[in-house]
Amino acid sequence: MSIRTDARRAATTVAAAVVLGALLVGCSEEASQGHDARRAAASGNAAASEAAGATEAEASTPAETGEAAFNRPETVRDAFAGLQATLNEDCAPGSSDCAYFLGRVHDELLRLDKSMKADAQGPGHFKEPIAWIATLRRTLKDDTSTDNLEKHRSELIGTRDRVNTWMQGHPEDYR
């Protein structure tokens, strides 16, 4: 092989490593923020979105169009994939990873609830899962602290599992 080919291959390898490293750092930083920080950031974004009052139809510049697309609810399929990602995870009560895990299950249920309510089929199509999530919300009484999530761990995990079972019986909604 020529020196040029070796140099190109080395440059490509280095570039790929840099991109992969940047992605890994971004993921680890996001994971280390914790449940409360993610929730605060999400509620701040939601408040800013509501204050702006911009809808997709009102957007006239490319920047506004991008923002409207960002604030659109995700599809049920994508939100359900996030919930499914928690199925094989668990934690020991009181452990440091339990706060993250329970917070994540809670967040994924809320994302799925939002996407089901915004789905073109209408919230009536997802009547049971939406009702189960609403019951969980009433049980938690808007207290998403680690202590409260651990206190209601069985309700939280039970709701996740019921929603998952329901969705498995409705594959047309997520495939």
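Bear in mind the structure is a predicted one, so any value in this text is a computation, not a measurement. Along the sequence shown, residues carry numbers from 1.
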Within the 3.5 Å criterion, strictly below it, is a donor on Thr75 or Asp78 matched to an acceptor on the partner's side chain? yes
Nearest 0.5 Å please: distance from the CZ atom of Phe101 over to the OG atom of Ser95. 10.0 Å
What pairs with Arg111 under side chain to side chain donor-acceptor pair (under 3.5 Å), at least two apart in sequence or on another chain? Glu74, Glu108
I need the Met116 CE to Lys127 NZ distance, nearest 0.5 Å. 14.5 Å
Check this for me: Asp142, atom CG, are more than 12 non-hydrogen atoms of other residues, nucleotides or ligands nearer than 6.0 Å? no
Could you measure the distance from the NZ atom of Lys114 to the CG atom of Leu110? Nearest 0.5 Å is fine. 10.5 Å
Report yes if some heavy atom in the side chain of Asn164 is under 4.5 Å from a heavy atom in the side chain of Phe80; otherwise report no. yes
Got Leu140 and Glu155 here, is their nearest side-chain heavy-atom distance under 4.5 Å? no
Carboxylate-amine/guanidinium contact Arg153 Asp90, below 4.0 Å: yes
Looking at NE2 of His152 and OG1 of Thr144, how far apart are the two atoms once the value is rounded to the nearest 0.5 Å? 12.0 Å
Indicate whether any N or O donor in one side chain lies under 3.5 Å from an N or O acceptor in the other, for Asp147 and Ser145. no
Could you tell me which non-hydrogen atom of Glu150 sits nearest to which non-hydrogen atom of Cys98, and how far apart they are? OE2-CB, 3.8 Å
Rounded to the nearest 0.5 Å, how far apart are CG of Asn148 and NE2 of His106? 9.0 Å
Below 4.5 Å, heavy atoms only, C-beta onward: do Leu102 and Ile157 meet side chain to side chain? yes
Indicate yes or no: at least one non-hydrogen side-chain atom of Val76 is less than 4.5 angstrom from one of Gln121. no
In chain order, what residues pass the side chain to side chain donor-acceptor pair (under 3.5 Å) check against Arg162, with sequence neighbours excluded? none
Hphob cluster co-occupancy, Trp166 + Leu112, side-chain heavy atoms under 4.5 angstrom: yes
Could you check if a side-chain atom of Val163 sits within less than 4.5 angstrom of a side-chain atom of Leu83, using non-hydrogen atoms only? yes
With the side chain counted from C-beta on, respond yes when Leu109 and Leu156 share a heavy-atom pair under 4.5 Å apart, and no when they do not. yes
Nearest heavy atoms of Arg104 and Glu89, plus distance in Å: NH1-OE2, 2.8 Å
Measuring only between side-chain heavy atoms, which start at C-beta, is Met167 closer than 4.5 Å to Gln84? no
